[in-house]
There are 2 protein chains.
Amino acid sequence: MPNQPNLDQLFHALADPTRRAMVERLGHGPASVGELAQPLAMSLPSVLQHVQVLEAGGLVRTEKVGRVRTCRLEPEALSLAERWIHERRAGWERRLDRLGDFLAGDDDLNG
Amino acid sequence: MPNQPNLDQLFHALADPTRRAMVERLGHGPASVGELAQPLAMSLPSVLQHVQVLEAGGLVRTEKVGRVRTCRLEPEALSLAERWIHERRAGWERRLDRLGDFLAGDDDLNG
DNA sequence: CGGTTGGTTAGGCATGTGGCTAAGTATTTC
DNA sequence: GAAATACTTAGCCACATGCCTAACCAACCG
């Protein structure tokens, strides 16, 4: 267990296009920090910073072997975020359904 | 490519516990700014700021009638976020499936 | 009209974020 | 062991965030 991701850090990690691009990239397979940096027109330290934010959000797990740090996606975090959003949306829709019933004049709801 | 210009603001809006609490609150029905403020132990201007962040992220729509501003949830935004996450997670799982096939020594994949 | 209510604007402050360069560390590789 | 590689750390800077208070509208209420 590397990181118990909290929603603050998780959503914060996703709130940046560079980091979302990294997530997409890692969706196709693990990559080193340097590989992540290549398409990014950004210095290596900045890339590393982003990786660390992703790690703090639990989205990415990294492992250093030799001098190369390999990053891979941690899908549980994505799943957690998805679940949070889905639950809120589901609750909203349930409410709308009841409202719809009410507006339809469904008097049977009383009995 | 699937870089909707407002995913930044959307996820940023969700990356704060106060704002997520507001989203949950609004999931139970519309509320005025003051009503949103009540459980929050925070000054009204700060609350308003959060509301504006939610609005910028498309999560909330507000309407001012008389002197009271009513806020309500905009579920399309939640849906957008959910979709983005789901697509990435689906892609990842597809990859893992293929990897599983490969590791199972399924040579037929070549032919 | 005058006061109260509900929100808004303005401005200030501490901290966080995202970027950089320069210099350091730890592995290969020669 | 020197040089190249792949990060990593440290330090700096500009701007954004999240909070506050004080002052300012704009409805309502009487």
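Protein chains get the first letters and strands the later ones, always in sequence-line order, with residue 1 at the start of each.
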Check your understanding: With a 4.5 Å heavy-atom cut-off, do A:Met22 and A:Val47 have their side chains touching?
Key -> yes
**Study point:** Carboxylate-amine/guanidinium proximity below 4.0 Å for A:Arg83 and A:Glu76
**Key:** yes
Check your understanding: Closest nucleotide of DNA chain C for A:Asp16 versus for B:Pro45: which of these residues is on the 5' side?
Key -> B:Pro45
Review point. How do B:Val33 and A:Met42 order along DNA chain C: which one's closest nucleotide is nearer the 5' end?
Key: B:Val33
Starting at [atom1] of [X] and ending at [atom2] of [N], how long is that distance when rounded to a whole Å?
| X | N | atom1 | atom2 | answer |
| --- | --- | --- | --- | --- |
| B:Asp8 | D:dC15 | CG | P | 19 Å |
| A:Phe11 | D:dT17 | CZ | P | 18 Å |
| B:His12 | D:dC15 | NE2 | P | 18 Å |
| A:Gln52 | D:dC7 | CD | C1' | 11 Å |
| A:Gln49 | D:dC13 | CD | P | 16 Å |
| B:Glu35 | C:dG7 | CD | P | 8 Å |
| A:Leu54 | C:dG18 | CG | P | 10 Å |
| A:Met22 | C:dG18 | CE | C1' | 12 Å |

Check your understanding: Is there a donor-acceptor contact under 3.5 Å from the side chain of B:Arg25 to the main chain of B:Glu35?
Key -> yes
Practice item. State whether the side chain of B:Arg19 and the backbone N or O of B:His12 hold a donor-acceptor pair below 3.5 Å, judged by distance alone. Key: yes
**Study point:** Same apolar cluster (I L V M F W Y, side chains within < 4.5 Å links), B:Val23/B:Leu80
**Key:** yes
Establish, with yes or no, whether the OP1 or OP2 oxygen of [N] is under 4.0 angstrom from a side-chain nitrogen or oxygen of [X].
| X | N | result |
| --- | --- | --- |
| B:Ser43 | D:dC20 | yes |
| A:His50 | C:dG18 | no |
| B:Arg19 | D:dG18 | yes |
| B:Ser46 | D:dG18 | no |
| B:Lys64 | D:dA27 | no |
| B:Arg69 | C:dT8 | yes |

Practice item. Assess whether one donor atom and one acceptor atom, taken from the side chain of B:Arg67 and the base of D:dA26, lie less than 3.5 Å apart. Key: no
